Amino acid sequence: MSIDVAVIPAAGRGTRMRPATRVVPKALLTVIDRPAIQYAVEEAARAGAKEAVVVVDLDAGHLVAQHFSLDGALPGLEDIQVRPVVQEEALGLGHAVSEAAHMVGDRSFFCLLSDNIVRPGHDVLASLGSGSRDGAVSVMCLRELSDEFLSRYGVVIPDSDVVDGFLDLAGAVEKPGVKAAPSRFGLVGRYVFTPEVFSILEKTSPGVGGEIQLTDAIQELGKRGRLRGYVAGESLLDVGTPEGLLIASYELGLDRYGPELFE
Ligand code: G1P
């Protein structure tokens with residue numbers, strides 16, 4: 001089954017990246033020579049998406065939209081249409097994704113958080129799509145987390161062993177911490193969702209932090225038996241923190257310019 005649409009939530013104000021994000025939206029912070037969100041759109045295009053629905057906030061959304069529209073399409077992005085949608089209130093990641101519902105309709109879709117940039121040569125979207133049982137289940141990209149990250153990421157509830165990288169999941173918990181974590185497999189910002197997630201999100205009440213959490217909708221997909229995971233290892237870089245941004249710049253810089261640059 002081919003997936004032709006991606007949803008990219010980019011409305012976050014980036015509190016972990018202050019003061020850089022006092023004016024500039026988090027999605028437009030630069031990694032080497034382009035904003036974080038451009039990496040996500042490029043990745044979606046490589047996986048065959050023809051449309052990228054970018055969810056932006058009221059204050060800074062026009063800047064994100066302009067980045068993609070000014071002077072025509074960006075090089076390499078000629079075959080993907082970037083369509084902004086405004087999230088008027090910051091009600092959480094789940095709410096941001098649900099704002100794309102009318103653009104996506106009844107299609108399965110990729111979801112990419114632009115806080116996470118894929119390592120060069122480690123694309124995962126095609127693998128996630130191939131595990132979707134022809135659009136019957138949603139597929140989560142996972143990484144084994146060390147203790148400190150169990151309180152920073154959503155963590156899934158396994159329901160089978162890992163076979164060829166995939167496992168069945170019974171659900172997920174948002175930022176459980178070490179004691180409550182149901183496993184070490186964390187949600188790392190790449191998902192394939194069936195459109196069923198939109199009707200679930202409509203009924204999802206605010207969870208952790210008073211926000212409508214995407215992870216709570218993932219929990220419901222697990223309860224319904226239509227959730228799988230794909231263990232992608234260390235393929236993603238987290239640019240949502242200053243340390244992560246530094247590591248990502250170094251790793252992408254190594255790939256772009258070679259180790260000589262740092263000698
Ligand atoms: C969000 C999700 C969380 C996921 C994380 C990945 O959290 O809610 O489940 O593990 O992204 O980066 P945030 O980073 O927005 O707090």
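Please read these numbers as outputs of a predicted model, since none were measured by experiment. The first residue of the sequence shown is numbered 1, and numbering continues consecutively from there. Heavy-atom basis, side chains included; hydrogens, waters and symmetry copies ignored. In listed order, ligands and their atoms are each counted from 1.
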Next on the checklist: Quick one about Tyr230 and Asp164 (side-chain donor to acceptor, distance below 3.5 Å, no hydrogens or angles considered), yes or no?
Outcome noted: no

Between ligand 1 and the protein, which N/O pairs are shorter than 3.5 Å?
unit_1, atom_1, unit_2, atom_2, d
ligand 1, 7 (O), Lys175, NZ, 3.3
ligand 1, 8 (O), Glu174, OE1, 3.4
ligand 1, 8 (O), Glu174, OE2, 2.7
ligand 1, 9 (O), Gly154, N, 3.2
ligand 1, 9 (O), Glu174, OE1, 2.7
ligand 1, 9 (O), Thr215, OG1, 3.2
ligand 1, 10 (O), Gly154, N, 2.9
ligand 1, 10 (O), Leu187, O, 2.6
ligand 1, 12 (O), Asn116, OD1, 3.3
ligand 1, 14 (O), Arg16, NH2, 3.1
ligand 1, 16 (O), Lys175, NZ, 2.7

Next on the checklist: Suppose the criterion is salt bridge (charged side-chain N to carboxylate O under 4.0 Å, His left out): which pairs have a residue in residues 135-144, not counting sequence neighbours?
Outcome noted: Arg143-Glu234

Next on the checklist: Checking the side chain of Gln219 only, and the main-chain atoms of Ala217 only, is there a donor and an acceptor separated by less than 3.5 Å?
Outcome noted: no

Checklist entry - Does Phe68 have any ring pair (Phe, Tyr, Trp, His ring centres under 6.0 Å) partners at least two apart in sequence or in another chain, and if so, which? => result none

Item to check | By ring pair (Phe, Tyr, Trp, His ring centres under 6.0 Å) - contacts of Tyr39 (at least two apart) | outcome: none

Checklist entry - Are Phe262 and Tyr250 close enough that their ring centers fall under 6.0 Å? => result yes

